[in-house]
Amino acid sequence: MNSVSRSRRRRLSAAAVLGAIALTATACGGGGGSGEGDTVVIGYTGPLSGGGAAYGENVKIGLEMAIDDLNADGVEVDGNPVTLELKSLDDKYAPSTAASNAQRLADQDKAPVVVSPNAGAIKAIQQINSGRSNFLISAYTSDPAIVQADNPLTMMIPPNFESYAEEFSETAMEHGGKKLALLGTQSEYGQQWTKSIKDAWSEAGGKIGGDNSVDYATVSDFAGPVSKALSEKPDAIFVGGPSQPTALIMEEARKQGFKGSFLVMDQAKLDEMATVTKLDNLKNSVGVLPVSEYEDPGTEDFLKKFAEKAGEKKVPTSETALNYQGIAIIAKAMEAAGTTDDPEKIREAISEALPEVDDKYKVNGFPDEITEQGHLLNPNLEATFLNEDGKYTKVPIEQVSDDK
């Protein structure tokens with residue numbers, strides 16, 4: 001074979017390799033929204049092992065359900081079909097790990113959006129998401145510090161927890177009395193809730209006992225802390241952390257003879273707690289409204305699909321439902337912005353996208369606006385009071401400002 005033939009064959013081989021690389025890149029999806037059949041990664045970093053695994057899994061189920069439904073319905077960006085793909089990484093509730101995971105999802109998987117369900121993790125991720133690696137944070141936390149940070153690429157999903165304090169206090173007083181005991185969790189978030197409740201309870205004319213906060217993550221015998229709180233003869237008790245330990249604390253209080261009311265922080269879900277302890281132990285409590293009590297256009301079908309995916313015994317929580325809505329909003333914002341790889345444009349398009357989201361994705365108090373700071377606002381926010389008959393009564397909540 002002469003040198004000309006060998007040279008020509010080398011050029012053909014090189015062209016074939018480059019062609020194969022191009023085809024592989026297209027099949028894997030670059031997230032650009034510019035080629036037919038692109039695959040776009042939605043990143044998720046959350047606790048998928050350890051003590052927070054159940055919480056992290058609740059979020060993940062909502063993301064999976066949304067992506068399955070959106071892909072079935074069809075997402076089209078700038079005239080091209082787009083397939084959404086969820087990529088999940090375990091951060092074990094560690095903020096530093098969450099930040100590393102988010103960076104990896106953005107750099108390696110080209111995720112334009114990363115979901116995080118933990119305030120500490122989100123704060124860590126906000127240090128890196130609008131610099132070298134731009135990506136939008138879909139933030140599942142009710143801590144207002146997230147939007148007070150003025151991060152231009154953050155979408156906060158749940159209501160500001162401070163909105164609940166005043167109405168929770170007034171409702172508990174109506175069904176009990178004016179002396180409050182404190183038995184919330186010792187986490188940073190739990191202590192923020194404790195302060196908010198203390199302020200609201202005092203402003204309503206109530207009296208507050210000592211702070212008997214306990215580490216819900218490590219303490220398993222709650223008899224001592226409960227006994228100490230009840231020694232103050234309270235009419236109401238503030239509790240809250242993950243649903244399981246919260247249910248056990250309330251159960252212990254009833255065992256020790258407490259007849260008053262409970263104020264339950266938003267992390268714990270009354271219907272989920274009813275799978276841990278008897279409903280009688282939870283009565284006379286004010287907390288967040290269960291997903292099953294919503295009457296939004298898509299709620300009924302969502303509940304059916306959730307049962308098919310997770311089983312009849314598992315309770316759909318707001319972590320599942322609100323993240324289901326959140327991904328639908330982001331997908332519609334991509335369509336409105338005409339891009340899947342420009343987080344700034346996707347964020348800017350959320351206001352335009354909100355009224356265009358299909359009713360099937362409206363399942364848990366759907367927002368009608370996003371603030372300049374990036375907070376989705378539900379115009380009809382409601383909590384609930386679980387009465388002595390075991391019935392949920394809706395309690396309207398007026399949302400407070402996110403300003404510092």
Side-chain angles (χ1 to χ4, degrees), residues 18-46 60 63-64 66-89 98-116 121-122 124-140 151-157 323-354 356-358 361 370 374 376:
L18 290 172
I21 292 172
L23 286 171
T24 301
T26 301
C28 292
S34 58
E36 186 174 351
D38 279 345
T39 296
V40 178
V41 169
I42 301 296
Y44 171 49
T45 176
K60 186 168 177 278
L63 301 176
E64 290 172 343
I67 287 174
D68 287 347
D69 285 352
L70 288 163
N71 285 337
D73 291 344
V75 178
E76 187 174 289
V77 177
D78 196 24
N80 298 308
V82 169
T83 299
L84 301 179
E85 177 186 340
L86 181 65
K87 180 69 175 292
S88 301
L89 297 176
S100 297
N101 286 350
Q103 188 81 65
R104 173 181 167 185
L105 289 162
D107 291 349
Q108 296 184 17
D109 298 290
K110 308 303 179 186
V113 178
V114 175
V115 181
S116 176
I122 293 165
I125 297 170
Q126 284 181 322
Q127 303 303 309
I128 62 170
N129 78 307
S130 59
R132 179 173 63 85
S133 300
N134 280 12
F135 57 92
L136 177 67
I137 305 171
S138 183
Y140 186 81
N151 182 285
L153 291 175
T154 296
M155 182 184 80
M156 176 175 162
I157 300 174
N323 281 287
Y324 177 82
Q325 291 184 166
I327 294 302
I329 291 168
I330 288 169
K332 188 59 66 174
M334 288 178 176
E335 290 185 337
T339 180
T340 61
D341 63 359
D342 189 329
E344 288 92 348
K345 289 184 178 179
I346 295 169
R347 167 62 184 86
E348 290 171 3
I350 291 175
S351 291
E352 180 184 349
L354 287 172
E356 302 302 321
V357 174
D358 191 276
Y361 298 101
I370 185 168
L376 296 172

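Both backbone and side-chain heavy atoms feed into the values below; hydrogens, waters and symmetry mates do not.
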**Q** Keeping the roles fixed (side chain from Asn71, backbone from Thr83), state whether a donor-acceptor pair exists under 3.5 Å.
**A**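 Absent.
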**Q** Write down the atom of Leu70, the atom of Ala331, and the distance for their closest heavy-atom approach.
**A**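 Result for this residue pair: CD1-CB, 3.8 Å.
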**Q** Phe135 and side-chain contact (heavy atoms from CB on, under 4.5 Å): which single residue from Asp107, Leu105, Val113, Ile125 fits?
**A**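 Checked Asp107, Leu105, Val113, Ile125 against Phe135; only one passes side-chain contact (heavy atoms from CB on, under 4.5 Å): Ile125.
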**Q** What pair of heavy atoms forms the shortest contact from Asp78 to Gly338, and how long is it?
**A**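 Of all heavy-atom pairs spanning Asp78 and Gly338, the closest is CB-O, 3.7 Å.
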**Q** CG/Asp341 to CE/Met334 distance, rounded to the nearest 0.5 angstrom?
**A**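 If we round to the nearest 0.5 Å, Asp341:CG and Met334:CE are 9.0 Å apart.
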**Q** Say you draw a straight line from CG of Leu63 to OG of Ser88; how long is it, rounded to the nearest 0.5 Å?
**A**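 Reported to 0.5 Å precision, the distance equals 7.0 Å.
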**Q** Ignoring hydrogens, what is the shortest heavy-atom contact between Ala121 and Ser116? Give both atom names and the distance.
**A**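 In terms of heavy atoms, the two residues are closest at CB-OG, 3.6 Å.
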**Q** For residues Ile128 and Ala99, report the shortest heavy-atom separation together with the two atoms involved.
**A**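 Minimum heavy-atom separation between Ile128 and Ala99: CD1-O, 3.3 Å.
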**Q** Report yes if some heavy atom in the side chain of Val115 is under 4.5 Å from a heavy atom in the side chain of Ile327; otherwise report no.
**A**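 Contact flag for Val115/Ile327 side chains = yes.
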**Q** Considering only heavy atoms from C-beta outward, does the side chain of Thr45 approach that of Arg104 to under 4.5 Å?
**A**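 No, every pair of side-chain atoms sits at 4.5 Å or beyond.
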**Q** Ignoring hydrogens, what is the shortest heavy-atom contact between Arg347 and Pro152? Give both atom names and the distance.
**A**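 Here Arg347 and Pro152 meet closest at CG-O, 3.5 Å.
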**Q** Do you know the tightest heavy-atom contact between Lys60 and Tyr44?
**A**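 Heavy atoms only, the tightest pair is CB-CE2, 3.8 Å.
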**Q** Under the rule for salt bridge (charged side-chain N to carboxylate O under 4.0 Å, His left out), what residues qualify as partners of Asp68, not counting sequence neighbours?
**A**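 Checked Asp68 against salt bridge (charged side-chain N to carboxylate O under 4.0 Å, His left out); zero matches.
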**Q** Determine, for Lys332 against Glu335, whether the closest basic-nitrogen to carboxylate-oxygen distance falls under 4.0 angstrom.
**A**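 Glu335 and Lys332: salt-bridged.
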**Q** For Leu86 and Glu64: C-alpha separation, side-chain torsions, deciding distance, then whether side chain to side chain contact (heavy atoms under 4.5 Å, CB included) applies.
**A** CA-CA 7 Å; Leu86 181 65; Glu64 290 172 343; 3.7 Å; yes
**Q** Verify side chain to side chain contact (heavy atoms under 4.5 Å, CB included) between Ile137 and Leu153, making sure each step is shown before the conclusion.
**A** CA-CA 6 Å; Ile137 305 171; Leu153 291 175; 5.9 Å; no
**Q** To the nearest 0.5 Å, what is the distance between CD on Gln103 and CD on Gln108?
**A**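 Separation between the atoms: 10.0 Å.
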**Q** Only one of Asn134, Asn151, Thr154 passes side chain to side chain donor-acceptor pair (under 3.5 Å) with Asn129; say which it is.
**A**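 So the option named by the test is Asn151.
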**Q** With sequence neighbours excluded, what pairs up with Lys87 under the salt bridge (charged side-chain N to carboxylate O under 4.0 Å, His left out) test?
**A**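 With neighbours one apart ignored, the set is Asp109.
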**Q** Working to the nearest 0.5 Å, report the span between CD1 of Ile346 and CD1 of Ile330.
**A**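 Interatomic distance, Ile346 CD1 to Ile330 CD1, rounded to 0.5 Å: 8.0 Å.
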**Q** Could you walk me through whether Ile157 and Ile329 pass side chain to side chain contact (heavy atoms under 4.5 Å, CB included), step by step?
**A** CA-CA 10 Å; Ile157 300 174; Ile329 291 168; over 6 Å; no
**Q** Should Asp73 and Asp358 count as side-chain neighbours, where that means a heavy-atom distance under 4.5 Å?
**A**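 Side-chain contact under 4.5 Å: no.
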**Q** Looking only at side chains, do Tyr324 and Asp69 share a donor and an acceptor under 3.5 Å apart?
**A**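 Yes, Asp69 and Tyr324 have a side-chain donor paired with an acceptor closer than 3.5 Å.
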**Q** What do the steps show when you test Leu376 against Leu354 for side chain to side chain contact (heavy atoms under 4.5 Å, CB included), and what is the final call?
**A** CA-CA 10 Å; Leu376 296 172; Leu354 287 172; 4.3 Å; yes
**Q** If you measure from CG on Leu136 to NZ on Lys345, what distance do you get to the nearest 0.5 Å?
**A**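 Answer rounded to 0.5 Å: 15.0 Å.
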